[in-house]
Protein chains: 2
Amino acid sequence: MSDLLERLRGRGWRMTAQRRVVAEVLDGDHVHLTADEVHARAAERLPEISRATVYNTLGELVSLGEILEVSTDRRAKRYDPNAHRPHHHLVCARCGAIRDVHPTGNPLSDLPDSERFGFAISDVEVTYRGVCPNCAGA
Amino acid sequence: MSDLLERLRGRGWRMTAQRRVVAEVLDGDHVHLTADEVHARAAERLPEISRATVYNTLGELVSLGEILEVSTDRRAKRYDPNAHRPHHHLVCARCGAIRDVHPTGNPLSDLPDSERFGFAISDVEVTYRGVCPNCAGA
DNA sequence: ATCTTACAATGGACATTGTCTAAGTCAAGC
DNA sequence: GCTTGACTTAGACAATGTCCATTGTAAGAT
Ligand SMILES: [Mn+2]
Ligand SMILES: [Mn+2]
Ligand SMILES: [Zn+2]
Ligand SMILES: [Zn+2]
């Protein structure tokens, strides 16, 4: 985390209170916050921070490869600090809870040439959906 | 297609000009239109059709399982008449072209129990991304 | 063929998520 | 401590979608 701030400073980032607090909010495992959630948490510490700055900072962190954009539902994008180990997502259909998962195997090898339509495929995204133990009741 | 209209009538659908034209617009393979695209095409035949009716009709067709909602990008949802053979999608990162694909294998078996976090998984969605032959130049 | 009525269509207001801009502010180097 | 260009801010704007009150009509009943 302070690793992150160091890396960013090294890349010529001007270090502002706003950027620091956004970077601090985005820390941990299985963290997938929306921009508005990031804004709310950042505003607890820095009440005057604006939505525009949160969007700008998130966009910059994505460009730098420090966080990922995740779109598991059709609502708001979510921002994922787990950018360094590739993974996919498991989403609860009821409450929206999201977990990082690491399937074995490579879905690319499951797609025969005849099903590639001449595309140069560079990325595969897998989303598992189901009901989490919490929502399943007992 | 007239199969579809028959099925819908059988389900008690009141058959209106609007519903008929929406159903007719959604026909074919590799068809993944946005609601506004459906509206534009429907309006060629029925100029007074409203956006609300297109949204309502699409929603009903989805509920009835006659079409699928597909979210390959963060823009508008797309509506897919190919609801009867399960499939995944291959998307061009440049132009957005979408093809239906049928990978072999089952991605569920690639997810060990230890990575399921107690979820009851009911669905897996795979999106392949790349550059289509058209966008790749020669 | 006409009547009746519940269901459907319409236009427009509203909501959510995100982008953009003009003006003010400040981090960091001198 | 200045200076300056990068950063932040508030709010307007855009894209997509939902909701509601009103008007219209498909289809069964007479
Ligand atoms: Mn993740
Ligand atoms: Mn499809
Ligand atoms: Zn849940
Ligand atoms: Zn393309």
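Just so it is clear, the values below take in all heavy atoms, side chains as well, and ignore hydrogens, waters and symmetry mates. Here is how names work: the chains are called A, B, and so on, in the same order as the sequence lines, proteins then strands, and each is numbered from 1.
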Check your understanding: Considering only heavy atoms from C-beta outward, does the side chain of B/Leu64 approach that of B/Trp13 to under 4.5 Å?
Key -> yes
Can you check nucleotides 11-16 of chain D for protein contacts, nitrogen or oxygen pairs under 3.5 Å, and list what you find?
unit_1	atom_1	unit_2	atom_2	d
D/dT16	OP1	B/Arg75	NH2	3.0

Check your understanding: Where do A/Arg11 and A/Glu66 land on the salt bridge (Lys or Arg N to Asp or Glu O under 4.0 Å) test, with the steps shown first?
Key -> CA-CA 12 Å; A/Arg11 298 218 216 188; A/Glu66 297 290 352; 3.4 Å; yes
Check your understanding: Between atom CG in B/Leu8 and atom C1' in D/dA26, what is the gap in whole Å?
Key -> 15 Å
Review point. To the nearest angstrom, how far is B/Glu48 atom CD from D/dT25 atom C1'?
Key: 13 Å
Exercise for review: Kindly indicate, with the supporting measurements, whether the criterion salt bridge (Lys or Arg N to Asp or Glu O under 4.0 Å) is fulfilled by A/Glu69 and B/Arg74.
Suggested key: CA-CA 11 Å; A/Glu69 271 181 9; B/Arg74 292 244 17 116; over 6 Å; no
Check your understanding: How are the rings of B/His30 and A/Phe117 set to each other: parallel, tilted or perpendicular (split at 30° and 60°)?
Key -> perpendicular
**Study point:** A/Leu5 versus A/Ala23, closest heavy-atom pair with distance
**Key:** CD2-CB, 3.9 Å
Revision key, fill the gap. Rounded to whole Å, CZ of B/Arg20 lies from C1' of D/dA26 at a distance of 10 Å
Check your understanding: Which atom pair, heavy atoms only, marks the closest approach of B/Asp73 to B/Ala76?
Key -> OD1-O, 3.9 Å
Check your understanding: Does the side chain of B/Asn82 pick up a donor-acceptor pair with the side chain of B/His32 at under 3.5 Å?
Key -> no
Exercise for review: Side-chain contact test, heavy atoms from C-beta onward, threshold under 4.5 Å: evaluate it for A/His88 versus B/Leu111 and give yes or no.
Suggested key: no
Check your understanding: Between D/dC7 atom C1' and A/Glu60 atom CD, what is the distance in whole Å?
Key -> 9 Å
**Study point:** d(NE2, A/His39; P, C/dT16) in whole Å
**Key:** 16 Å
Practice item. Tell me whether the OP1 or OP2 atom of C/dA9 has a side-chain N or O from B/Ser50 closer than 4.0 Å. Key: no
Enumerate all atom pairs, one protein N or O and one N or O from nucleotides 27-30 of chain C, separated by less than 3.5 Å.
unit_1	atom_1	unit_2	atom_2	d
C/dA28	OP1	A/Met15	N	3.0

Exercise for review: Find out whether A/Val101 and A/Val126 are in side-chain contact, i.e. whether some heavy atom of one side chain is under 4.5 Å from a heavy atom of the other.
Suggested key: no
Review point. Quick one: is D/dG24 close enough that its OP1 or OP2 comes under 4.0 Å of any side-chain N or O from B/Gln18?
Key: no
Check your understanding: Just how far, in rounded Å, is P of C/dG11 from CG of B/Asn56?
Key -> 13 Å
**Study point:** Atom pair distance, as rounded to whole Å: CD1 in B/Ile49 and P in D/dT23
**Key:** 21 Å
I'd like a table of atom pairs between the protein and nucleotides 28-30 of chain D - only N or O on both sides, under 3.5 Å - with the distance next to each one.
none

Practice item. Report yes if some heavy atom in the side chain of A/Glu125 is under 4.5 Å from a heavy atom in the side chain of A/His89; otherwise report no. Key: no
Review point. Whole-Å distance between C/dC26 P and A/Leu46 CG?
Key: 12 Å
Exercise for review: Quickly, which of A/Arg75, A/Lys77, A/Arg78, A/Arg51 forms a salt bridge (Lys or Arg N to Asp or Glu O under 4.0 Å) with A/Glu37? Name it, please.
Suggested key: A/Arg78
